[in-house]
Participant: 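One structure follows; several queries about it will come next.
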Amino acid sequence: MTMERRSFLKLMGAGAGLGAASLMTGCAGLGMEGPTGGRRVVVVGGGYGGTIAAKYIRMMDKSIEVVLVERNDHFVSCPFSNLYIGGLMKDLSPLTINYDKLAANHGIKFVQAEVTGVDAGAKLVRTSRGDIRYDRLVLSPGIDFRTEEIKGYNLATTPDVMPHAWKAGPQTVLLRKQLEAMPAGGTVVMSIPLAPFRCPPGPYERASMIAMYLKQHKPKSKIVVLDANPDIVSKKGLFLKGWKKHYEGIIDYRPAKKVTEIDAAKKTVLIEGLEDVRGDVVNVIPPQRAGAIAVAAGLIGPDKNWCPVNPTTFESTLRKDIHVIGDACVAGAMPKSGYSANSEAKSCATNIVNAMNGRELVDMSGINTCYSYLSAKEAVSVTGVYLVDKAKNAIVAAPGSVAVSPDLSELEAIYAESWLKNILTEMSS
Amino acid sequence: MKISRFKWALSAAALAMSASAFAAPPTPAMISNACAGCHGTNGASAGPSMPSLAGHNKESIVTAMKKFKSGERPGTVMGRLAKGYSDADFVAMADFFSKQKFHATSQALDAAKVARGKSLEEESCSRCHMESGKEGKDDSPIMASQWLPYLEIQMNQYLSGHRKMPEKMAEKVKPLSKQDLDALLHFYASVK
């Protein structure tokens, strides 16, 4: 009898106990710290990456137990949250999913808990509700902020005054409220950190959506965009075209302006000690690194910010049996986008299933499609198909596939809406 | 039990997943799963301007992808994405999606238009869009249960000349009024 078969039988024996997992509430801990039966995958993070990894593992192999750990009982999408800030949505409900159907449809055990640490030696995820033992761990923790690089920035208090709105939810709502409360003729200041950060075109879409809002509701107002990068990072030609078409005199874009200090009380940002800029609304997007869970688990690479992974399995190159997907990982040529996380999750899931069953690993074939709105009815996109380059042992773009829209497009705005509907449905059912 | 060289490679790969040297090329499922971000899990679309691919006939998918790649069929992201794939990849996708269960949608539709479309369908379309659009002759796409907004976008592209109508289709469409075409799209969207 092979090893796989023995593990499988063990799991079958444990099946009755697993059925009671939906009762994992109450204070007695989760009862998941003991031996696993050899086929338990714990997924941490219920966003674009984690939901898909959990779902596809179960779709491919029902004999693998999947536990999804997430701190919230719902998820709010960052993609499209700029449209809410610009006033194109009345609330965040089109961007919000929960985990009920996903868990029920696929037999995923959803645990709402805060992850407090990972013990890679003992293969335990430590959570606010007790330890969970894993055979393989998938981390999709998203990003956290390198606030130490901005003098005066206090993560506990500054975002209440100067929202980053780079994690969708209350921060997104706060930024819109501040815009609504701003008097006409006011100034919005927005700062963009050095790349790489979550969603390369996101800040420029946000500038567009805020400018649209100002044009409609706050005459004579403007938005000053302070970009730490030497130039627009993504879809440059299209953003410039859209800004010229719609927001001439409203968007004041300033490249190579790195915010190094803030004064929340004065609503002022300072640029490398040289100049300060004051705003009525200040949207500071701090520089980023992999989510704190990944940092604490020792998965950060030599760049001190992101998690190096195997390009086929997304297993950490630093810790065995821990996989990192989504914005937190270094996925070669793939941008840090929701769609990338979706594709990465599928390659990771496929190969965890393959490895657990002693089958051959399969290289990824991934996609990124990333839409940005320029106005209420026009969007643009960037696309790419991604593959593993064996010689480089890295993910590269398929030749010819990485390209942007030829122009601003109303049809792309319509397609973008369906993209959101499809990808959120895929994550939540 | 015989331990093959292949199996040895597998366990080595599973143990030391630090290199992708052992991995096989992407399977049809790996290639196709990436499409689900826009076309829905297994090609069952929830987005009204995106077609479902689940249960499509193979030839229609291969033809569509080749035409996107060459630019013959207008597209937004599809023309660009198609350039990232080979003809063999298109066959792999077509194979995968053709094996998925047909996706029946639930849409709010005008019943009178559906009825009118039903009365026109046999004469006008059924030679290629067979079985009420559930089957496609050769590379004719599956029409049944597609989202109405998707069908409307495509028909508008045909009528504007943006997308080239196959000759047989052009002959059949010519005598139809805009109302007739609208009714036909309603009918196909209603088929479950």
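The model shown is predicted, which means the values in this text are computed figures rather than measured ones. Just so we're on the same page: letters track the sequence lines, and every chain starts at 1.
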Participant: Begin with the C-alpha distance, continue with both residues' side-chain angles, and end with the deciding distance and a verdict on side-chain hydrogen bond (donor to acceptor under 3.5 Å, both in side chains) for Thr41(B) and Lys55(A).
Facilitator: CA-CA 10 Å; Thr41(B) 304; Lys55(A) 169 173 169 168; 2.9 Å; yes
Participant: Between Ile153(B) and Tyr415(A), is there a side-chain heavy-atom distance shorter than 4.5 Å?
Facilitator: yes
Participant: Determine whether Met59(A) and Asn42(B) make a side-chain contact, defined as any pair of heavy atoms from C-beta on separated by less than 4.5 Å.
Facilitator: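 Yes, side chains in contact.
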Participant: Quick check on the interface: out of Leu420(A), Val362(A), Asn342(A), Val309(A), who has the most heavy-atom pairs with chain B under 4.5 Å?
Facilitator: Val362(A)
Participant: First locate atom CE of Met30(B), then atom OG of Ser365(A), and finally report the distance between them rounded to the nearest 0.5 Å.
Facilitator: 8.0 Å
Participant: Is Tyr150(B) close to chain A through its backbone or its side chain, or both, or neither, when contacts mean heavy atoms under 4.5 Å?
Facilitator: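 Neither part; nothing is under 4.5 Å.
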Participant: Are the side chains of Ser418(A) and Trp147(B) in contact, using a 4.5 Å heavy-atom criterion?
Facilitator: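 No; the side chains remain at least 4.5 Å from each other.
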Participant: Could you check if a side-chain atom of Arg80(B) sits within less than 4.5 angstrom of a side-chain atom of Ser405(A), using non-hydrogen atoms only?
Facilitator: yes
Participant: Using non-hydrogen atoms and a 4.5 Å limit, figure out which bit of Ala44(B) sits close to chain A: side chain, backbone, both or neither.
Facilitator: backbone
Participant: May I ask you to test the Phe22(B)-Thr312(A) pair for a side-chain heavy-atom distance under 4.5 Å?
Facilitator: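 They are not in contact (no side-chain heavy atoms under 4.5 Å apart), so the answer is no.
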Participant: Do Lys421(A) and Ser45(B) have side-chain heavy atoms sitting under 4.5 Å apart?
Facilitator: no
Participant: Let me know if Pro25(B) has heavy atoms under 4.5 Å from chain A in its side chain, its backbone, both or neither.
Facilitator: backbone
Participant: Is there side-chain contact between Pro26(B) and Met364(A), with at least one heavy-atom pair below 4.5 Å?
Facilitator: no
Participant: Among Glu426(A), Met427(A), Glu417(A), which residue has the highest count of heavy-atom pairs closer than 4.5 Å to chain B?
Facilitator: Glu426(A)
Participant: Given heavy-atom pairs under 4.5 angstrom as the criterion, report whether the side chain, backbone, both or neither of Thr425(A) touches chain B.
Facilitator: side chain
Participant: Counting heavy-atom pairs closer than 4.5 Å to chain A, which one of Ala82(B), Cys35(B), Pro149(B) comes out on top?
Facilitator: Cys35(B)
Participant: For residues Thr76(B) and Glu412(A), is any side-chain donor paired with an opposing acceptor at under 3.5 Å?
Facilitator: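 On atom types as modelled, these side chains do not qualify, holding no pair under 3.5 Å.
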